[in-house]
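Before any comments, here is the structure.
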Amino acid sequence: HSPQGFHFIFSFLATVTAGMRLFGLVSILLAGIAIALAKQSFYDLLHVHQGADDAMIKRSYRKLALQLHPDKVQGDENEKKAAAEKFAEVSHAYEVLTDPEKRKIYDRYGEEGLNNMGQGGHAHPGDIFSQFFGGFGGFPFGGGFQEEQTPKGQNVHVGVDVTLEDLYVGKEVHVTRDKHVLKPAPGKRECNCKQKMITRQIGPGMFQQTPVKECEQCDNVRLERQKDSLTVHIEPGMAEGQEIVFFEEGEPIVDGEHGDLIFHVQMRPHAVFDRRGADLIMTLGITLTEALVGFEKRIRHLDGHEVLLARSAVTRPGDVMVVEGEGMPVSSTSSSSSSNGRLIVHVQVQFPDTSLDAKEVDGVRQLFDVQGRVWGPVQSVVDGKEVLYSSEPDEHDPEKVESKR
């Protein structure tokens, strides 16, 4: 009951309260970082690098908007809905990156910074689209919109070599390349040439049309080689052969648009796992003793965490274990939510190399001389996840049927 005692108690409570507040702030910060990392950046959505100027961003948006506009997408309702969500995301990214103040905030603090500073409002995607193409948020009246054809340089295709671990957790690949760029040169040249028809009278009531080329005079240009660095973002769950596009980073062309730089995901074979869609496939070897009396096996997953596979009943050659939620990530581009496919384990029983003597043969016969015993599918729980265990491998082939959930 001394003053020193009360002072100690109050100091202790104040320290605990401050610690709890700090823990809460750290938790909120980590949650915000996790959400930010799960979303595509505005630059990735528009297929441009972070240093892209307004002109490149506008050209990229124009191209993507024509591809994703709801009036142009063919398919079922789910495909149209996905395209509409992507169209809205691309339009919002364009709105932010073409506003100098918003872009400055986004580059420094991300999308969360825009929201905190009251700059995160979305303009209607149709309003932005109509600024480019007219109309009322859709295509102009009088039929479908035909984009003016502009000469385009060749696309450059490059393979990016990644591991299955990279595709599971994600990775940034830094690429340095040598590319052609257009540089000013002395002199003038003909440019923007067009064919124009000239009509002239060649006799009474007789006229002749002659094509004439009309050109403008532009500054001369020349091609130079230049080194450039890019960062390729490998998102968790990307598939073999998936394309990552960098708008107008391909071959240049005079008086036209640059081609695109397209990276193709190439996955190296893995020593343990095969991949089929979102499912991971592996073979688990067990001894004959483990097949008869049960086993516990821990396997190391692609990100380092362990998965426990356990069985207390008899296991037959060819049995299959299916663990939900331990496959590849299946990310949603419209939100931070994600899920995982299945881990499908084919059990392989390893028989002993040595032969049994007569006494051991008699013992085995007496032990297993039981008729009419049938083992069917067994359900159990592994690491808190439902596991379906069966002796019919085809039943869990991801290319044939859906797993039982």
Side-chain angles (χ1 to χ4, degrees), residues 28-69 83-134 137 147 150 170-177 179 181-182 226-235 243-250 252 257-263 331-336:
I28 293 171
L29 178 61
L30 291 176
I33 292 173
I35 292 173
L37 290 175
K39 290 185 177 181
Q40 277 188 294
S41 77
F42 289 165
Y43 294 100
D44 289 343
L45 283 170
L46 290 172
H47 297 172
V48 297
H49 58 83
Q50 194 163 351
D53 58 19
D54 283 354
M56 178 180 288
I57 291 172
K58 289 178 181 179
R59 291 195 299 272
S60 180
Y61 171 76
R62 177 189 180 94
K63 177 181 177 181
L64 291 170
L66 285 171
Q67 294 173 356
L68 298 171
H69 194 279
E85 292 175 353
K86 193 75 171 179
F87 177 67
E89 290 179 355
V90 167
S91 298
H92 178 52
Y94 169 78
E95 176 197 358
V96 170
L97 297 185
T98 52
D99 183 303
E101 186 63 28
K102 289 183 178 180
R103 183 173 181 178
K104 184 177 179 181
I105 295 172
Y106 177 78
D107 286 345
R108 190 165 184 179
Y109 304 106
E111 192 172 3
E112 191 66 24
L114 289 172
N115 295 332
N116 291 339
M117 296 182 183
Q119 301 287 331
H122 293 226
H124 192 282
D127 295 338
I128 300 174
F129 186 86
S130 63
Q131 294 175 13
F132 277 86
F133 308 109
E147 185 180 13
T150 303
K171 184 180 182 181
E172 288 187 352
V173 180
H174 301 284
V175 178
T176 301
R177 66 192 187 102
K179 68 174 186 177
V181 293
L182 294 174
Q226 177 177 297
K227 287 191 178 296
D228 187 30
S229 297
L230 292 171
T231 300
V232 182
H233 296 277
I234 305 298
E235 303 291 340
E243 294 182 353
I244 304 169
V245 181
F246 284 80
F247 182 70
E248 290 192 0
E249 289 290 341
E257 296 178 353
H258 290 39
D260 298 332
L261 173 61
I262 304 174
F263 289 94
S331 299
S332 171
T333 58
S334 60
S335 69
S336 60

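Residue numbers start at 1 and run along the sequence shown. These figures come from a predicted structure and were not determined experimentally.
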Tested for side chain to side chain contact (heavy atoms under 4.5 Å, CB included) against V173, the lone hit among L230, T231, I234 is I234
For Y43, which residues count as a ring pair (Phe, Tyr, Trp, His ring centres under 6.0 Å) partner, sequence neighbours excluded? none
Within this structure, what is the CG-OG1 distance for the pair D228 and T176, rounded to the nearest 0.5 Å? 8.5 Å
The test is side-chain contact (heavy atoms from CB on, under 4.5 Å); show your working for K63 and H47 and say whether it passes. CA-CA 10 Å; K63 177 181 177 181; H47 297 172; over 6 Å; no
The criterion is salt bridge (Lys or Arg N to Asp or Glu O under 4.0 Å); which residues satisfy it with K171, sequence neighbours excluded? D166
D44: which residues meet the salt bridge (Lys or Arg N to Asp or Glu O under 4.0 Å) condition with it, sequence neighbours left out? none
For F247, ring pair (Phe, Tyr, Trp, His ring centres under 6.0 Å) partners two or more places apart: none
Identify whether the distance between the nearest side-chain nitrogen and carboxylate oxygen of R59 and E248 falls below 4.0 Å. yes
How close do A93 and L45 get, counting heavy atoms only, and between which atoms? CB-CD1, 4.3 Å
Look up atom CZ in F263 and atom NE2 in H233, then write down how far apart they are to the nearest 0.5 Å. 11.5 Å
Find the distance between NZ (K58) and CG (D53) and round it off to the nearest 0.5 Å. 10.0 Å
Closest heavy-atom pair, L97 versus D54, reported as atoms and distance to 0.1 Å, is O-OD1, 3.9 Å
In terms of heavy-atom contacts, P252 and H258 come closest through CB-NE2, 3.4 Å
Considering all heavy atoms, the nearest L46-V90 contact: CD2-CG1, 3.6 Å
Closest non-hydrogen atom pair, E111 against F42: CD-CZ, 3.8 Å
Would S60 and Y94 count as a side-chain contact (heavy atoms from CB on, under 4.5 Å) if you check the C-alpha gap in whole Å, the side-chain angles of each, and the deciding distance to 0.1 Å? CA-CA 9 Å; S60 180; Y94 169 78; over 6 Å; no
So how far is it from E112 CD to L114 CG, rounded to the nearest 0.5 Å? 9.5 Å
For A52, the side chain to side chain contact (heavy atoms under 4.5 Å, CB included) test, sequence neighbours excluded, returns V48, H49, M56, I57
With sequence neighbours excluded, what pairs up with V181 under the side chain to side chain contact (heavy atoms under 4.5 Å, CB included) test? K179, K183, E224, Q226
